[in-house]
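Report on the structure given below.
Quick note: numbers below take in every heavy atom, side chains included, and nothing from hydrogens, waters or symmetry partners. Proteins get letters first, then strands, A, B, ... in listed order; numbering begins at 1 in each.
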There are 2 protein chains.
Amino acid sequence: MADDKVARRARGGTGRTRLAEVAQLAQVSTATVSRVFNTPTKVSAEVQARVREAAAALHWIPNAAGRALASRRSHIAGVIIPTLDNEIFARQVSGMQAIFAENGFTLLIGCSNYDPAEGLAQVQAMLAQGIEVLAMVGENYPPQTFDLLRQRSLPYVLTYGYRHDSPHPCIGFDNRAAFRQLADYVLSLGHRRIAAIFQPMDANDRVAARLDGLRDGLAAAGVTLRAADLHIGPSNMDFGAESLRRIMAGKTRPTAIICGNDNLALGAVGAALDLGIAIPHDLSITGFDDLAIVSRIAPRLTTMRVDNLEIGRLAGEMLIGAAGGRGMLHSIELRADLCMRATTSPPRSAARAPAAARDSDNANDHQARNQQPHAGIRPQRVQHDLQEDKKQRRTP
Amino acid sequence: MADDKVARRARGGTGRTRLAEVAQLAQVSTATVSRVFNTPTKVSAEVQARVREAAAALHWIPNAAGRALASRRSHIAGVIIPTLDNEIFARQVSGMQAIFAENGFTLLIGCSNYDPAEGLAQVQAMLAQGIEVLAMVGENYPPQTFDLLRQRSLPYVLTYGYRHDSPHPCIGFDNRAAFRQLADYVLSLGHRRIAAIFQPMDANDRVAARLDGLRDGLAAAGVTLRAADLHIGPSNMDFGAESLRRIMAGKTRPTAIICGNDNLALGAVGAALDLGIAIPHDLSITGFDDLAIVSRIAPRLTTMRVDNLEIGRLAGEMLIGAAGGRGMLHSIELRADLCMRATTSPPRSAARAPAAARDSDNANDHQARNQQPHAGIRPQRVQHDLQEDKKQRRTP
DNA sequence: TAAAAGCACGTAACCGCTTACATTTCAAGT
DNA sequence: ACTTGAAATGTAAGCGGTTACGTGCTTTTA
C-alpha cells in the first residue's frame, strides 16, 4: 500500500540525464562514473573509455547542485564590484574570470552600485550560492559583511585599493600615495592655486584616501585647498564640466585642477576648451585611471594608470590558492604610474614659480614638450610618454 | 557492527548552519521552516515569527545547492557576451542583472571572447550550473549549442541583433537595416566615394549584416565599395587609425568613411586630425554604438545609438516570464537611431553633389555649426542633435 | 608459499533542502 | 452529535552526486 503510493509518486527529476543512467549504460556503478571524471587515475583505462563513451552518448552534463551538495565544494567564486559600467572594474573582472575559468571555477559577479547595503545583500546571496572565495572592490561595506565572512572563514581579498594598515588582505595601489604623487607633480610644475573635482566619498574609502593624499601634498608645499575650490559630485563628465565652469567663473582662477578620476577630468577638459581656455597653457588638468580613451584623444590627458587586469589576475590566483587550502592570503601593492601627457604644464606665471620650477626653463615644462612648440616640430611623444609605457609592476 | 561504523563516519557537512538546526531551535519540523521562507501563507503567524527569529539568531543562510536539488529550480540565469570590455555589452548585462535580481535570480555571466567554441563551452558550464534561462549576444555559436538548449527545452533569447527571419527569438535591432540607413544618410550628403573600416566578420554575424546593409545602400545609389577601400581588422582605435592612414595614402581619396563601430571611427578621426585632414570638411566619418564618450569629445561623432540597457531589461523580463512558465518567448525589434553630429557633412565637392545637398550652403554643414563659427554663436545643438535626444523605443 | 598490500570497483550513506502525503485540530455544515 | 473539510504541521522520500568502506583479486614481501 504505502509502497504503492511511493512508487506512484511523480518521478520528480529535472529530466536531465543523470549520472546513474550513464552508469547503467556503461555497466558500472555510479561511484565509478564519478571517479572517471574526478579521480581518473583510480579507474582502469577500459572502464574509463566505456564510461566516457556512455556519457557522451547521453550528452550527460553533471548537475552542479548535486555535486556541490555531495562534495561540499561549489567551485564558485564571487566578486563584488561597484558597477560594470566602468572600464576599470570590468577589466578587473576580466582578469579574474580568466584565472578562475582556468581552474574550473565559475565566477559570480555582483554589483553594489556603490551602495554598501546592496553590497552586503550581494554577499549574502553569494554565500547562499555557496561561493568558496570572494573578491570585493574597496572596503566600504557594513562591518557585518566581514563578520559573515570571518564566521565562515571564507577566504576573501579586497581589490583596487591598498592600505598598509588595512585589517584585510588587499591587492591594489595606495590611493593616498598616488594622489600625493600627483599633487607633488603638479606642484613641481609651479602651480600654487589648485582646485579639485572629486566624486562623492561617502561610502567610498578610495575617494577619501585620494583627497587625503592630495591634501598631504599640498600641505607639504604650504598650499591649501580652499573649500570653494573643492567640488564634489557625481562621477561623470557632466559634473566635471559643470564644476569647471563654476571654478573658472570665480574671481581668482586656479592654474591647475586635479580630478578624482578620468571621467571628471574629461568633462572638465571639454568644458574648458568650450570656454576658450587653453589646455594646458591657461589651465592644467589631471585625471586618474588612464581609461583607454584618454590617451587617444586630443588633448591627451595627464593621469595615473593602474594595471587592473593584473589586479584581477592576482586576486584570482591568490583566491584559487586559498580555496585549495594551499597558499595564504596576503596583501600585494601595485604601482600607480603617472602618465604625463598634454593636459599639464607649468602655469603661465611660471616665471614667478618657486626655485624647483625655475631652475631650468624646460626641466618641468611639459607644455613645451607636449604642445606645439614654436619650433614647429613635435617630438613630444618620445619624451612625453617616458613613463607612459613602462610596464606597471608589483612593488618589490 | 555495521551500525557502529556508520555512526563513526566523519560527520561531513559544510559547517554552515542548516535548516534542520533552525527547525530544532524553533521547535518545528524542517518542512515548516522551509514553508516559512517559501510559502509563508501556509504557516501561522506565531510559528512564523518563532522560525524567523531562530533563523536570524543562527545567521542561517539557506544552501542554494540543496535547495536547487530538492526544488529542481536553481534560480540561476545565464548570459553570454563576447567581452565585458565593451560598454555596450556591459550595459546589457547591467539591465539584465537588475531585472533578474528583482526576481530573485542570480545572473551568471560568461564571456566568449568572440570565439564560438568558447561560447559553447560557457553554455555547457552554465547548463551544469543549472541555469533556468539563457541570454546570448548574437547568434554565432556552433549549431550544437542550440541543440543542447532545445534538447533541454531551455528558454533562451539572442540579444543585440535582430533578424526578422531568425530561427531564434531575438531582441535587438536590425544591423543590416541600420547600416543601410547610415549609408543612405551619407549618400544623401552627396558622398560618392566611400570607404569602410570594419571589424572582422568571421564568427560575427552582426558585422556581416552591417556590411551587407552598407552595400545595399551603396548599390541602390549605384555606388560600389572598392575592395581597396574596405579595411577589416581588429576592433580598436589603433586599427581605425592605421586604416585611415592607409586609405588616405591612396591616390584618390574617399570623401567619407563608414566604420563598423565607434572605436574604429574614433581611431580614424584621431588619425585624420593628426594628418591635418579637416573633419568633416575634407572627410566625413561615421561610427556605430554611440559610446558614452563619443558625444562628449570634439569632434562629436556621427553614429547610431541603440538602447542596450533596454535590451538587457527586455531580455531579462521575457526570460523571467518564461522561467515562470508564464509568457512566451518572442522577438522584439528595437530602433537604432542615427545621431547626426560633427563628423559628417557634404563633401567639399558638394557643389557637384545632388540637389538635396546643394540646396543650402549650410543645410548639412555640420562643421560650420559645430566648430567655432566666425559668428561666435553656436546654435548647432538644436538642429544638430535633432534626433539625438529622441528616446529610443520599441518598433511598433 | 602464506600473509600483507595494492588495485579496481561496488555499496550505500549522506549533503541540505523541498514537497507529496499523512496526521492532527478545530470550526462549520447537516 | 456526527460528518466534512480546511488549515496547520509533521514525516520522510527523494533531488543527483561523492566518497568512506567493503569486497574480491592480483601482486609484492618475507
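Comparing A/Gln48 and A/Thr30 by the nucleotide of DNA chain C whose heavy atom lies nearest to each, the residue mapping closer to the 5' end is A/Gln48. With DNA chain D read from its 5' end, the first of the two nearest nucleotides for A/Ala31 and B/Thr41 is the one closest to B/Thr41. Each of A/Ala68 and B/Ala45 lies near DNA chain D, and the nucleotide nearest B/Ala45 is the one positioned closer to the 5' end.
Panel note: side chain A/Glu317, backbone A/Ile99; no donor-acceptor pair is recorded below 3.5 Å. For A/Arg150 (side chain) and A/Leu148 (main-chain N/O), no donor-acceptor pair under 3.5 Å exists by modelled atom type. Between the A/Gln97 side chain and the B/Ile109 main chain, a donor and an acceptor come within less than 3.5 Å of each other. Proximity of a side-chain donor or acceptor of B/Asn113 to a complementary backbone N or O of B/Asp115 within less than 3.5 Å is not detected.
Taking every side-chain heavy atom of B/Ala70 into account, C/dG16 is the closest of D/dT9, C/dG16, C/dA8. Nearest nucleotide to the side chain of B/Arg72, out of C/dA8, D/dA12, D/dC15: D/dC15. Distances from the side chain of B/Ser44 to the nucleotides C/dC9, D/dT18, D/dA8 place D/dA8 closest. Taking every side-chain heavy atom of B/Val43 into account, D/dT9 is the closest of D/dC15, D/dT9, C/dA12. Comparing D/dG16, D/dC21, D/dG14 by their nearest atom to the side chain of A/Arg35 picks out D/dC21.
Rounded to whole angstrom, the span from the CG atom of B/Leu69 across to the P atom of D/dT18 amounts to 12 Å. If you measure from atom CZ of B/Arg18 to atom P of C/dT18, you get 14 Å, rounded to the nearest angstrom. Here the P atom of nucleotide D/dC15 and the CG atom of A/Leu19 are 13 Å apart, to the nearest Å. Separating the NZ atom of A/Lys42 from the P atom of D/dC21 is a distance of 13 Å, rounded to the nearest angstrom. Atom pair B/His75:NE2 and C/dT18:C1' shows a separation of 11 Å (rounding to whole Å applied). In this entry the distance linking CZ of A/Arg73 with P of C/dC14 reads 23 Å, nearest Å. Here D/dG16 presents its C1' atom at 9 Å from CH2 of A/Trp60, a figure rounded to the nearest Å. Distance B/Ile61 CD1 to C/dC17 C1': 15 Å, rounded to the nearest Å.
Contact annotation for B/Ser34: base contact, defined as any heavy-atom pair under 4.0 Å involving a base atom. Residue A/Val28 is in sugar-phosphate contact alone, with no base atom involved, counting any heavy-atom pair closer than 4.0 Å across all strands shown. Residue A/Val33 is out of contact with every strand shown, counting any heavy-atom pair closer than 4.0 Å. Within 4.0 Å (heavy atoms only), B/Thr32 reaches sugar-phosphate atoms of the nucleic acid but no base atom.
For B/Ser71 and C/dT18, the shortest distance from a side-chain N or O to OP1 or OP2 is not below 4.0 Å. At the phosphate of D/dT19, neither OP1 nor OP2 sits under 4.0 Å from any side-chain N or O atom of A/Asn38. Distances shorter than 4.0 Å separate none of the side-chain N or O atoms of A/Asn63 from OP1 or OP2 on D/dC15.
Ring pair B/His75/B/Phe105 is perpendicular by interplanar angle, where above 60° counts as perpendicular and below 30° as parallel.
For the pair B/Phe37/B/Arg52, a side-chain contact is recorded, criterion being any heavy-atom separation below 4.5 Å from C-beta on.
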